[in-house]
Visitor: 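Just dropping this structure here.
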Amino acid sequence: MTNPHLKLDGLAKSYGRFTAVEGFSLDISEGEFIAIMGPSGCGKTTTLRMLAGLETADRGQITLAGKRIDQLPVWERETPLVWQNLALFPFMTVRENVEFGLQMRGVSRTERRRRADDWLEKLGISAYAERNVARLSGGQRQRVALARSLVLEPKVLLLDEPLSALDAHMAIKMQGELKKLQRELGITFVYVTHSHSEAFSLADRVVIMNAGRVEQIGSPQDIFLRPRSKFVAQFVGGISLLDGRITGAADGKRFLETRDGKVRLDHDCGLADGDTADLAVRADRISVTVEPGWGENEIACTLVSEEFAGAVVNLHLETASGHSLVAQLQQRDLEQLNAACGTRVFASWHPGDGVLLDSAQHPGHGTRARAA
Amino acid sequence: MPPHLKHAIPKAFWIAGLAVVFLLLYAPILSAVLFSFSADRFPSLNMSGFSTKWYAQVLTDRAMLDALGNSLTVAGITALIATELGFSAAYADYRFRFFGQRAVLALALLPPTVPLVILGLAMLAFFSRIGIAGSLAAVVAAHVVIAAPFAMAVCRLRLAQLDAALEIAAQNLGARPLSALFRIVLPHSLPAILAAFLITFAVSFDEYVIAWFTGGLNQTIPVAVLTTLQGQVDPTIHVIGTMSFSVTLTLVLIALAVVLSQSGGAMSKEKTS
């Protein structure tokens, strides 16, 4: 990617003494689906609003298709936004809503009617063209919001938690339609959400933010399997963390010396003996047995509780030093395990399933974080 | 009505109480209406007959017609200016966040709470200094001060129902700020603007104290009525009172109808969504 389509370079925004966004850099290629994710207040919405021009960046630049846009006023940006609450115009019909942007651009009456009808057709809401937007269901309103933005044929579409107003069933249906639409149109989508499932299933690349900074940028698989920081591991969830010091063995293997024993690492991590490090292990990669000696990387634990989650069960374990681990088992495996809460069990995993995290406080400062 | 929703005090008491309140409020006004049609020189309940002669007398009274003309002119211009100012202030408060916002809001809503005699006297002193005392312009200026807060209050109520994101959403779709204002905010506010115009018109049309202080020889209807009263008790007073009351009541009722129908409509719309 020599010439990124949409380039965000060192964006920063503060409100008084509160830093909303700091050093946000990201190169987005044409037709890419980017999800920006993080807990509330992490700066994801501020970033989106800077893209749309609703906030002015204190520092940094935004370039769209080779043209710098960060100094343009909102109405000249060509970066339509699908609002969290949709922000449809309540006293206009569906068609008037969709025609609005074209009208503001001075498109003739017949032409804008043709283009609006075209999009109403594409999104399957032609039947409601004359209806007041207040008299639509949630899913229909969502489609009007999309049509109103897409009719402008933008190079990039911004979406701010667009599915959060829908019920769970409808949200999943719209999710599929959004992805299909984005593939067909080849428009760049920048999608802000706090939902893991939305971000992971929709996006080509996911940006994880925390406290105004980028923690990690990568493909959904990358982030899920190889979280780079403690924050990402905890945010993605279902991951057990162990901390300790690196020790090297004579045969070149590396170990992490934790308070609950030594575990083997399958990494050339670039850390030296004696360095502190955090190890992340996904819950579904941890096996639990009643008898020791089953495999490598074994830690003795107490079974604290079982959490039923449909086809799978989450076992909450506690090591001798008081550390918490989570293991995810199939219902069938739990029956075979046959261990009651409070009993002693052994947690083990393959060394290759452990991921060493960067120990620095803010690892992914954006620029170096292009994966996939 | 389910029993647990029944109030401890029976419904009949509520109705009786309400009837007494309305009787006290409207009996004097109704008596004026009644006596305006009396054939007698002095108001008394055993009337000799009904007549519209006092109406004829008022409608040919040069001084009263001049006063009516003055009142309509002053109220019309006052309503225009006060509504414009009131809407602008309400919009600024709705749209922007700035330092001292609450203080500005309180200050803007303050004038109707100042005693009218004090306001009138202060206005007179100020207008004399700048040399417009005794003119209709002075009355208009003073009336705008007391009427604008009412316009602002009405517009604020309406704007509070408008999602602040809508105007920005319009800009995000390519509307310049002025287009967004005219396409989104003004259509939504139109009923409130109309209501504000009618209410400020009524406020100015009825106002006596300030008009008396600042108007000089240019009398408005209330001033002319009081001046007449000082000389004699004349049945034409009842006629003027009835006519003024009708005008004011009509204006306020229209304003109420406009505001209530719109907010009711908006509420039912939200229910269906």
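Small disclaimer: the values here were computed from a predicted structure and weren't measured. Numbered from 1 within each chain, the chains take letters A, B, ... in sequence-line order.
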Visitor: Evaluate whether atom OH of B/Tyr94 has more than 12 neighbouring non-hydrogen atoms of other residues, nucleotides or ligands under 6.0 angstrom away.
Guide: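 For B/Tyr94, atom OH is crowded (more than 12 foreign heavy atoms under 6.0 Å).
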
Visitor: Around atom CZ of B/Arg97, are there more than 12 heavy atoms from other residues, nucleotides or ligands closer than 6.0 Å?
Guide: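 Above 12, so yes.
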
Visitor: Looking only at non-hydrogen atoms, find the nearest pair between A/Phe89 and B/Leu166 and report the distance.
Guide: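 For A/Phe89 and B/Leu166, the tightest heavy-atom pair comes out as CE2-O, 3.4 Å.
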
Visitor: Is B/Asp163 close to A/Pro90 at the side-chain level, that is, under 4.5 Å between some pair of heavy atoms?
Guide: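 Sidechains of B/Asp163 and A/Pro90: no contact.
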
Visitor: Quick check: are there more than 12 heavy atoms from other residues, nucleotides or ligands sitting under 6.0 Å from CZ of B/Phe13?
Guide: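 No, because the 6.0 Å sphere around CZ of B/Phe13 holds 12 heavy atoms or fewer from other groups.
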
Visitor: Check this for me: does any side-chain nitrogen of one of A/Glu96 and B/Arg183 sit under 4.0 Å from a carboxylate oxygen of the other?
Guide: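 No salt bridge links A/Glu96 with B/Arg183.
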
Visitor: For the atom pair CG (B/Leu162) and CZ (A/Phe91), what is the distance rounded to the nearest 0.5 Å?
Guide: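 Here the interatomic distance stands at 6.5 Å.
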
Visitor: Sort B/Ala170 into side chain, backbone, both or neither according to what part of it lies under 4.5 angstrom from a heavy atom of chain A.
Guide: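 Contact with chain A: backbone and side chain both.
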
Visitor: Test side chain to side chain contact (heavy atoms under 4.5 Å, CB included) on B/Ile184 and A/Phe100; report intermediate values, then the result.
Guide: CA-CA 11 Å; B/Ile184 306 299; A/Phe100 184 86; 4.1 Å; yes

Visitor: Counting only non-hydrogen atoms closer than 4.5 Å, does A/Glu76 touch chain B with its backbone (N, CA, C, O), its side chain (CB onward), both, or neither?
Guide: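 Side chain of A/Glu76 only, per the 4.5 Å heavy-atom cut-off to chain B.
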
Visitor: Can you tell which part of A/Arg105 gets under 4.5 Å to a heavy atom of chain B, answering side chain, backbone, both or neither?
Guide: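 Interface part for A/Arg105: side chain.
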
Visitor: What heavy-atom pair brings A/Met104 and B/Leu173 nearest, and what distance separates the two atoms?
Guide: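 Taking every non-hydrogen atom into account, CB-O, 4.3 Å.
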
Visitor: Which atoms of A/Leu88 come close to chain B, meaning under 4.5 Å heavy atom to heavy atom: side chain ones, backbone ones, both, or neither?
Guide: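 Backbone only.
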
Visitor: Counting heavy atoms not belonging to B/Phe22, are there more than 12 under 6.0 Å from its CZ?
Guide: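 Not buried by this count: 12 neighbours or fewer within 6.0 Å.
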
Visitor: Answer with side chain, backbone, both or neither: which region of A/Leu81 has an atom nearer than 4.5 Å to a non-hydrogen atom of chain B?
Guide: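 Contact with chain B: backbone and side chain both.
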
Visitor: State whether the side chain of B/Asn172 and the backbone N or O of A/Val74 hold a donor-acceptor pair below 3.5 Å, judged by distance alone.
Guide: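 Such a contact is absent between B/Asn172 side chain and A/Val74 backbone.
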
Visitor: Check the surroundings of atom NZ in A/Lys179: do more than 12 heavy atoms from other residues, nucleotides or ligands lie under 6.0 Å from it?
Guide: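 More than 12 heavy atoms, drawn from other residues, nucleotides or ligands, come within 6.0 Å of this atom.
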
Visitor: Tell me, do B/Pro177 and A/Trp75 make a side-chain contact under 4.5 Å, heavy atoms counted?
Guide: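 The answer is yes, as the side chains (C-beta and beyond) meet within the 4.5 Å cut-off.
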
Visitor: Is the CD atom of A/Glu121 crowded by more than 12 outside heavy atoms at less than 6.0 Å?
Guide: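 Not more than 12 within 6.0 Å, no.
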
